[in-house]
Amino acid sequence: MKYWLIKSEPDVFSIDDLKKVKREAWDGVRNYQARNFMMKEMKPGDLALFYHSNAKPPGVAGIAKVAGETYPDPTQFDKRSDYYDSKSKQDNPRWWLVDFQFVKKFKQEVPLDALKADNQLSEMMVCQKGTRLSITPVQAKHYERVLKLAGEKA
DNA sequence: GCCAACGTTGGC
DNA sequence: GCCAACGTTGGC
């Protein structure tokens, strides 16, 4: 089993929204690296830290779980969607996604500051300067450390 | 295939 | 609102 960190802007879709809807298609990812993680490496049951970007403060807000297999992102074929991609073919879709399922919301969010300040997490990708990738792999030891900082049991 | 211009992300 | 980082696009 692998661990991940997924970013979302809470103004658009927050951990509370995920809690409400229980399960959500992670659509709109238009970055090849992030797509490749979903397409080739994520497996149902993998756990992800749910990170609030562009928030005050930004930080990890809870946990989500990969809820199913990879499938083509339907928004790429929807002309009215912001994520429409005219170059993607029905018989050879360019963009793929997975669904995420709500697992838990931290009682106490772990702000980016705290991640950066923790010497055990200095190698975590989200702590590195200039990491804009919306989906990143997370090492098990880092995942467990973040849970600990949140005051949660692993 | 190079690279300048441009767009987006996301912390601050 | 600013701007650094960096991915993408398109002219050549």
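Keep in mind the model is a prediction, meaning the values are calculated, not measured. Reminder, nothing fancy here: chain letters follow the sequence lines and each chain counts from 1.
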Listed once per pair and sorted, the salt bridge (Lys or Arg N to Asp or Glu O under 4.0 Å) pairs that draw on residues 99-108 of chain A, sequence neighbours left out: A/D16-A/K105, A/R23-A/D99, A/K104-A/E152, A/K107-A/E152
Non-neighbouring partners of A/R132 that pass salt bridge (Lys or Arg N to Asp or Glu O under 4.0 Å), sequence neighbours left out: none
Those residues that, when tested against A/Q120, pass side chain to side chain contact (heavy atoms under 4.5 Å, CB included) (two or more places apart): A/D118, A/R145
Listed once per pair and sorted, the ring pair (Phe, Tyr, Trp, His ring centres under 6.0 Å) pairs that draw on residues 67-99 of chain A, sequence neighbours left out: A/Y32-A/W95
Nucleic acid contacts - residues 72-86 of chain A versus DNA chain B, non-hydrogen atoms under 4.0 Å: none
Set of residues satisfying salt bridge (Lys or Arg N to Asp or Glu O under 4.0 Å) with respect to A/K40, sequence neighbours excluded: none
All N/O contacts under 3.5 Å from nucleotides 1-3 of chain C to the protein, with atom names and distances to one decimal?
none

Set of ring-ring contact (aromatic ring centres under 6.0 Å, His included) partners for A/F37, sequence neighbours left out: A/W4
Sequence-aligned protein contact record of nucleotides 5-12 of chain B, with B where the base is within under 4.0 Å of a protein heavy atom and S where only the sugar-phosphate is: --BBBBBS
Summary of salt bridge (Lys or Arg N to Asp or Glu O under 4.0 Å) pairs that have at least one residue in residues 83-97 of chain A, sequence neighbours excluded: A/D85-A/R94
For A/F50, all residues meeting ring-ring contact (aromatic ring centres under 6.0 Å, His included), sequence neighbours excluded: A/W26, A/H52
From CA spacing to verdict: side-chain hydrogen bond (donor to acceptor under 3.5 Å, both in side chains), A/E9, A/S53: CA-CA 5 Å; A/E9 301 191 24; A/S53 62; 4.9 Å; no
Salt bridge (Lys or Arg N to Asp or Glu O under 4.0 Å) pairs, two or more places apart, involving residues 59-78 of chain A: A/R30-A/D73, A/D78-A/R80
